[in-house]
Amino acid sequence: MEMDNDVQSNSKGGFHCKLCDVHVPNRASLDDHLKGRKHKKLSSVRATRQAQEENSLFISGFARQTSQLQLADYFQQFGPVNEVIMDKEKGVYAIVEFSEKEGLQTALSHPHHILEGQKLRVKPREKKEFKYIPKKKQDPRSVQLSLEHLTQGLCQAASVNEQMLKVVESFQLSESEKKVRSLLVELLQEVFTEFFPECCILPFGSSVNTFDIHSCDLDLLLDLENTKTFQAQNKGSSEQAGEGQSEDARSEDSILSDIDLSTASPAEVLELVAAVLRKCVPGVHKVQVLGTARLPVVKFSHRELGLQGDITINNKLAVRNTRFLQLCSGLDARLRPLVYSIRYWAKQKQLAGNPFGGGPLLNNYALTLLVIFFLQNQDPPILLSVNQLKELACEEEECVIEGWDCTFPSQPIAVPPSKNTEDLCALLAGFFSFYAQFDFSGSVISLREGKSLPITGFLSKEAEEGEGTDEQTGDSRPKSVKLGPVNVLDPFELCHNVAGNLNERTQKAFRRECEEAAKYCRSLQYQRKSAKGKVWGLVRLFASRSAGAQGSGREAERELSICIPFKAARLPDTVCSQLHSAGGLFREPWFEKVCCAVVAVLKDVLKCSVAPSDGSEVRDRQEEVICVAVKDTATSAHMDATAGDVTLTDCIGPASKNGQRVQETNNNFKPEICTSSPTKEYNPEDTAHTRVKRPSSTGNGSQESPASKKQRLDSGSKHPTAQWHCLLWHKVWAGRRKVRRDLLKSLQGDSMPEGGSVELETQVTERIAQEHPGGEKLLEFTLEAEVLGVTENTRTVLKLTPGEDHLGLFQDFFHFLESFLPKMTEKLLEKLG
């Protein structure tokens with residue numbers, strides 16, 4: 001029997017149903033399984049599939065534009081046709097299923113099949129063994145539509161605008177899914193009201209903010225403010241009634257008799273919430289209390305609905321953020337397609353969408369705010385800033401939560417429509433161009449003001465210790481913001497950087513992908529549908545880039561460049577205060593300090609000879625110049641930002657051949673940043689810059705040049721620059737790790753420097769110079785420094801140009817500098833002030 005063919009006996013006892021891939025322990029269980037719904041259904045499906053295969057033909061050779069109806073009409077002459085299934089993606093084959101086997105045999109007996117001048121290849125459909133593939137249980141968070149699934153629908157769209165609308169349709173919750181979530185919220189409201197009278201369950205987050213996706217979490221706020229009032233009133237009435245109140249009168253709020261909501265901690269309240277979920281809500285399981293999180297929460301899952309949810313009791317700002325996103329979606333219909341498309345693009349490029357949460361990736365909320373900020377900065381603006389929306393709100397709509405002003409209109413009708421008429425295709429391309437040229441390192445994105453703010457406004461110590469008030473808007477300024485590679489302020493909680501989890505790698509990857517996407521969006525492959533049936537538009541935008549297409553030419557340009565990024569969080573307080581006073585001109589004083597630190601690393605840590613380049617041009621019309629003076633010793637150097645004007649006569653020469661310096665009077669590392677006014681503080685309105693003074697030329701090997709050849713920073717051009725000529729005397733990279741390890745073993749107690757410190761690395765270089773003294777220069781090179789920013793990330797780019805390199809050592813030296821120079825420069829910058 002067929003049933004017997006599906007059952008196999010196990011060597012260790014029991015039976016295995018090959019059709020259903022089910023193991024049963026005994027004959028009785030096997031009989032129950034064979035009579036069960038699953039086995040019967042699969043048996044019926046298998047029989048249907050086998051009948052279809054027996055009555056079906058495999059057709060190929062027809063024209064690409066041939067439709068299913070044309071094929072059905074042609075094969076109707078041989079017998080009734082049930083269905084025609086085509087390969088829609090490529091359109092190169094089809095399956096024609098007849099109602100009866102006689103129709104199939106008649107078609108096969110026909111010698112030639114011609115359709116629209118094309119000779120068709122007709123053969124019986126290949127018979128395959130029916131195999132049941134069980135669905136794997138997946139975490140709902142990880143269920144995402146694949147690009148292959150989207151490709152067919154996107155390629156059939158007529159324009160990029162239509163493609164973006166299809167992306168929304170593919171990812172958004174269906175009406176039935178929304179209804180199910182709404183019913184669950186109603187159920188929870190009913191249950192919790194029994195235990196917390198007059199409480200309110202408020203959904204927020206992705207389920208209701210108009211940017212919902214399949215299987216997104218159900219975030220809920222349990223508002224207990226009215227319950228606290230109820231409890232206080234009930235407690236007062238109980239005290240007046242004395243002990244006469246019966247147990248039945250208090251049974252309704254018995255759970256409140258064990259806790260005082262006004263004094264209980266969030267963790268204690270959430271334990272009660274978890275108990276209610278476990279015992280009183282049907283279908284809820286996997287209840288977990290996270291009481292120590294930044295925002296304590298109860299996590300749960302619903303078995304039948306396949307939903308995961310969170311309940312919190314103190315997150316009213318999140319509810320207000322949800323209302324804000326709902327308002328933005330209502331103000332302009334272009335926002336939702338942009339957000340959905342950019343979110344999926346970010347996930348495809350591995351910039352967002354960590355299924356386990358956390359990590360250095362963009363979250364959906366941060367991406368949504370980036371899109372809104374982009375639309376705020378269009379000309380004319382598509383969305384208004386939060387401050388502008390605040391002015392349009394009426395008195396009844398005023399809202400302050402936890403001290404933050406959260407006022408904005410409740411209805412889109414209160415806001416005038418935008419005059420911007422750009423379509424979705426142009427806006428998506430504009431998004432990538434906007435952030436490809438954005439200075440993330442030197443800016444803070446503020447949706448409240450609708451513009452990027454200089455990061456220096458968040459560097460002062462006063463901004464961290466206390467809260468100020470904006471004189472123009474009257475809004476609260478942040479007490480403390482966690483600055484990082486990307487800074488996006490929450491629209492209302494102005495001390496919260498929603499992208500604070502990102503690291504340098506993610507920021508660089510986001511910028512690089514934006515550059516590549518902006519470049520692609522300028523091509524016809526993005527703007528026009530392919531007439532040859534090739535993928536186009538969003539499909540190519542979402543696709544991963546091949547390793548070989550990642551700009552080999554650009555790598556060649558940058559292979560001799562070293563970048564030192566601007567990291568505000570790593571700078572000392574005194575430097576932060578100086579940059580804060582500089583305002584939007586902070587890049588130039590920061591560049592001066594970087595130049596001092598770079599020269600100090602090369603000259604004092606690596607014992608190179610460093611002098612201003614003779615080929616440097618005088619572009620600056622100002623009088624102040626950089627003067628780098630380093631007082632170094634055999635073990636360390638000292639940095640001082642307030643020293644006077646000191647020349648480099650004793651610093652840039654080759655010193656002694658073994659790498660030792662003559663001067664040994666100071667054990668602190670302090671390169672001196674010298675200006676023409678030693679006591680003058682940096683003035684943001686003063687465009688004067690520092691420069692490197694060149695040494696004089698004398699008969700003993702030192703050099704001197706006229707004042708007309710002083711090294712200067714360019715204040716008149718967009719990017720200030722500086723240039724030096726360097727000589728290397730020792731193989732400072734060879735065996736450095738071993739020398740460092742031996743040196744740490746030989747030093748003990750207080751004399752042992754901190755691992756990886758400037759002092760330790762200086763001693764390592766000196767030990768290498770002692771073990772391998774050299775009398776000749778190994779190589780020479782030119783170092784040019786340039787500060788970049790405003791339309792790109794603020795950073796100093798060091799370009800190295802090799803000179804004489806008879807021994808072929810420059811590449812090894814450069815690879816060593818790539819990691820060593822930025823690391824040591826940052827450590828010296830931390831010591832400034």
Side-chain angles (χ1 to χ4, degrees), residues 504-505 559-564 570 597-610 630-639 651 654-664 666-671 726-781 783 798 800 802-831:
E504 288 282 346
R505 178 177 297 180
E559 62 179 358
L560 296 181
S561 297
I562 300 174
C563 290
I564 300 177
R570 302 288 295 273
V598 168
V599 171
V601 172
L602 291 173
K603 190 170 64 64
D604 297 286
V605 180
L606 298 180
K607 307 306 177 186
C608 296
S609 297
V610 182
V630 183
K631 298 178 181 179
D632 37 299
T633 65
T635 59
S636 63
H638 184 68
M639 296 195 93
C651 304
S656 58
K657 296 293 180 65
N658 61 359
Q660 299 288 340
R661 297 293 181 186
V662 177
Q663 189 178 5
E664 297 183 3
N666 196 345
N667 292 327
N668 295 322
F669 197 114
K670 227 175 184 186
C726 308
L727 302 178
L728 180 68
W729 302 91
H730 307 280
K731 290 185 179 180
V732 293
W733 66 91
R736 192 173 189 89
R737 183 178 301 176
K738 180 178 183 300
V739 173
R740 184 188 300 112
R741 186 169 57 248
D742 295 342
L743 187 61
L744 288 173
K745 290 180 180 179
S746 63
L747 298 175
Q748 296 179 355
D750 297 336
S751 62
M752 184 182 346
E754 180 183 355
S757 65
V758 177
E759 290 81 5
L760 176 62
E761 296 302 328
T762 303
Q763 295 184 45
V764 171
T765 300
E766 292 174 350
R767 179 71 65 88
I768 293 175
Q770 291 174 358
E771 295 177 356
H772 305 283
E776 300 291 337
K777 66 178 180 182
L778 295 181
L779 59 89
E780 63 178 288
F781 60 94
L783 177 66
L798 305 174
L800 285 78
E804 295 184 13
D805 183 20
H806 302 299
L807 301 178
L809 300 175
F810 183 79
Q811 285 295 335
D812 292 339
F813 177 61
F814 174 76
H815 291 318
F816 161 70
L817 282 184
E818 275 188 303
S819 60
F820 184 85
L821 187 56
K823 185 190 304 180
M824 288 295 105
T825 300
E826 288 182 8
K827 289 186 176 296
L828 286 181
L829 291 176
E830 292 175 9
K831 292 177 177 288

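Values reported hereafter were calculated over all heavy atoms of this structure, with side chains retained and with hydrogens, waters and symmetry mates removed.
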- [ ] Could you give me the CA-CA distance, side-chain angles and deciding distance for S746 and R767, then say whether side chain to side chain contact (heavy atoms under 4.5 Å, CB included) is met?
- [x] CA-CA 12 Å; S746 63; R767 179 71 65 88; 4.1 Å; yes

Open item on the list: Distance check, rounded to the nearest 0.5 Å: M824 atom CE versus S819 atom OG?
Closed with: 9.5 Å

Task: Heavy-atom closest contact (S561 atom, F814 atom, distance) - done: N-CZ, 3.7 Å

- [ ] Answer yes or no: is there a side-chain heavy-atom contact under 4.5 Å between Q811 and L560?
- [x] yes

Task: CA sep, side-chain torsions, deciding dist, call: D604, T762, side chain to side chain contact (heavy atoms under 4.5 Å, CB included) - done: CA-CA 7 Å; D604 297 286; T762 303; 5.8 Å; no

Open item on the list: One pair to check against side chain to side chain contact (heavy atoms under 4.5 Å, CB included): L817 and L606. What are the steps and the verdict?
Closed with: CA-CA 10 Å; L817 282 184; L606 298 180; 3.7 Å; yes

TODO: Check whether any side-chain heavy atom of V598 sits under 4.5 Å from a side-chain heavy atom of L783, and report yes or no.
DONE: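 In short, these two side chains touch, coming nearer than 4.5 Å.
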
Open item on the list: Quick one, K731 and I768 - any side-chain contact, counting heavy atoms below 4.5 Å?
Closed with: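 When only atoms from C-beta onward are counted, I768 and K731 do not touch, as no gap falls below 4.5 Å.
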
TODO: Considering only NZ, NE, NH1 and NH2 on the basic side and carboxylate oxygens on the acidic side, decide whether E826 and K823 come within less than 4.0 Å.
DONE: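 No, this pair does not count.
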
Open item on the list: If we ignore hydrogens and angles and just use 3.5 Å, is the side chain of R736 paired with the main-chain N or O of E761 as donor and acceptor?
Closed with: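 It does hold such a pair.
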
TODO: Please examine the side chains of E776 and W729, heavy atoms only from C-beta on, and report whether any two atoms are closer than 4.5 Å.
DONE: no

Open item on the list: Test of understanding: with ring pair (Phe, Tyr, Trp, His ring centres under 6.0 Å), list the residues that count as partners of F810, not counting sequence neighbours.
Closed with: none

- [ ] Please tell me if the side chains of E771 and V739 come closer than 4.5 Å, counting only heavy atoms from C-beta onward.
- [x]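 Of all side-chain heavy-atom pairs linking V739 with E771, at least one is under 4.5 Å.
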
Open item on the list: Please find the pair of heavy atoms, one from L778 and one from H730, that lie closest to each other, and give the distance.
Closed with: CD1-C, 3.3 Å

Task: Residue pair K827 / P822, side-chain heavy-atom distance below 4.5 Å - done: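 K827 vs P822: side chains apart.
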
Task: Results of side chain to side chain contact (heavy atoms under 4.5 Å, CB included) for R737 - residues two or more places apart only - done: R740, R741

Task: Stepwise side chain to side chain contact (heavy atoms under 4.5 Å, CB included) check, V605 with F820 - done: CA-CA 11 Å; V605 180; F820 184 85; 3.8 Å; yes

Task: Under the side chain to side chain contact (heavy atoms under 4.5 Å, CB included) test, residues paired with L728 that sit two or more places apart - done: C608, V732, W733, L779, F813

